[in-house]
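This structure is a prediction, so every number in the text was calculated from the model and none was measured. The figures that follow rest on heavy atoms only: side chains count, while hydrogens, waters and symmetry mates do not. Counting starts at 1 for both ligands and their atoms, in listed order.
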Amino acid sequence: MSFSNIQTEDRGSVRIITINRPEKLNALNKATIQELHTAFNEAGSDKNIRVIILTGSGEKAFVAGADISEFAHFNAEEGKMLAGEGQRMLFDYVEELEKPVIAAVNGFALGGGLELAMSCHIRIASDNAKMGLPEVSLGVIPGYGGTQRLPRLIGKGRASQLIFSAEMISAAQAEQWGLVNKTVPQAELLNEAMQLAEKISRNSPAAIAHAIRSVNAGFAASKDGFGYEIAQFGSTFATNDFKEGTTAFLEKRKPNFSGE
Ligand code: COA
């Protein structure tokens, strides 16, 4: 499918999705959210794709937030719908995707941009990146999961500081707080993300899907994470990847996983 606001590129079994509105610092308007939903859906169902990298175009921004011009005139009901629809179509959708998604944060990740990076399973940042949730400076609160995912990643106290002050932190600070896994010079960002993606893609896609579900279950109020892990662990034993992985180990050869 062709897109107007994003670009996709495959490198082996890795799909790179690039948000491409650099003139608006890749702000998330409705059309971009729709296209991202379609792109993640396609990547999720493409058997040749094992890992997805999400980044922003240009050198300045990953995503500078939700597109303020689109919601400035909304009423309370429209605001609620904006957040609900966005969470369902993109933010929860990415977190629940059964293939690993790595955010390559190449600049500003603000508001919905940081929320999108936090929906990804792993974050790597360029050393010029700046992160924050500036919503209260606009008279709103984070509505794409920011009040939930930020405390889980960096703790309630630090998250409250960022959310209440609307301040931005540097990539180095974000790494120290565990908001990003690693910081690298901007020129190396995509290579770094690719190296990790390739490492992941050598492992069993079926097992990774079970692991993603289990990790997410631990953060779902409605689920018992430990019990869920037991069930998912058992279910991996029914996959071809399990047979292949264990057989290859015993035969002292590299596994060739089908993902089934
Ligand atoms: N929504 C809509 N447009 C946005 C945007 C957003 N979240 N963030 C940036 N843009 C647009 C600007 O309006 C500007 O468009 P214009 O050239 O048509 O006027 C363009 O992107 C470039 O941004 P600009 O503000 O000129 O860049 P800067 O380098 O001076 O400042 C930021 C960069 C990120 C500090 C600043 O753009 C900003 O504060 N953006 C909003 C961040 C935010 O509050 N996000 C949370 C939204 S809930």
| query | Would R15 and D46 count as a salt bridge (Lys or Arg N to Asp or Glu O under 4.0 Å) if you check the C-alpha gap in whole Å, the side-chain angles of each, and the deciding distance to 0.1 Å? | reply | CA-CA 10 Å; R15 178 154 303 165; D46 187 331; 3.1 Å; yes

| said: Any heavy atom of P134 closer to ligand 1 than 4.0 angstrom? | reply: yes

| query | Just wondering, more than 12 heavy atoms not from K182 lying within 6.0 Å of its NZ? | reply | no

| query | To the nearest 0.5 Å, how far apart are CD in E244 and CD in E251? | reply | 8.0 Å

| Hey, is atom 43 (C) of ligand 1 touched by any protein heavy atom at less than 4.0 Å? | yes

| Any protein heavy atom lying closer than 4.0 Å to atom 25 (O) of ligand 1? | no

| Backbone or side-chain N or O of M168 under 3.5 Å from ligand 1 N or O | no

| request: Check each of L138, N26, V140, D67 against atom 2 (C) of ligand 1 and report the one with the nearest heavy atom. | output: D67

| atom 36 (C) of ligand 1 - nearest protein heavy atom and its distance | L25 CD1, 4.6 Å

| Taking atom 20 (C) of ligand 1 as the reference point, the nearest protein heavy atom with its distance | E23 O, 3.3 Å

| query | What residue among I6, L36, I16 forms side chain to side chain contact (heavy atoms under 4.5 Å, CB included) with L54? | reply | L36

| query | Should E70 be listed as contacting ligand 1, given a heavy-atom distance under 4.0 Å as the test? | reply | no

| task | State the CG-CD distance between L90 and E95, to the nearest 0.5 angstrom. | result | 11.5 Å

| note | Smallest heavy-atom separation, F62 atom then A103 atom, equals CZ-CB, 4.3 Å

| Verify atom 13 (O) of ligand 1: protein non-hydrogen atom under 4.0 angstrom away | no

| task | Please determine, by modelled atom types, if T38 and N41 share a side-chain donor-acceptor pair under 3.5 angstrom. | result | no

| Side chains of T18 and N20: donor-acceptor distance under 3.5 Å anywhere? | no

| Of the protein's non-hydrogen atoms, which lies at the shortest distance from atom 1 (N) of ligand 1, and what is that distance? | I68 N, 3.0 Å

| Any luck finding a side-chain donor-acceptor pair between T183 and E175 under 3.5 Å? | yes

| request: May I ask whether atom 16 (P) of ligand 1 is less than 4.0 Å from at least one protein heavy atom? | output: yes

| remark: Looking at E135, R21, K24, K60, the heavy atom closest to atom 27 (O) of ligand 1 belongs to K60

| request: May I ask you to check whether over 12 heavy atoms, not counting those of F74, lie within 6.0 Å of atom CZ? | output: yes

| query | Who's the nearest protein heavy-atom neighbour of atom 39 (O) of ligand 1, and how far? | reply | L110 CD1, 4.8 Å

| query | To the nearest 0.1 Å, how far is atom 45 (N) of ligand 1 from its closest protein heavy atom, and which atom is that? | reply | A64 O, 3.1 Å

| request: Mind telling me whether Y144 and F91 have parallel, tilted or perpendicular rings, with 30° and 60° as the class edges? | output: parallel

| Any protein heavy atom nearer than 4.0 Å to atom 31 (O) of ligand 1 | no

| task | May I ask you to check if ligand 1 and A66 share an N or O to N or O distance below 3.5 Å? | result | yes

| Nearest protein heavy atom with distance in Å, relative to atom 5 (C) of ligand 1 | A27 CB, 4.0 Å

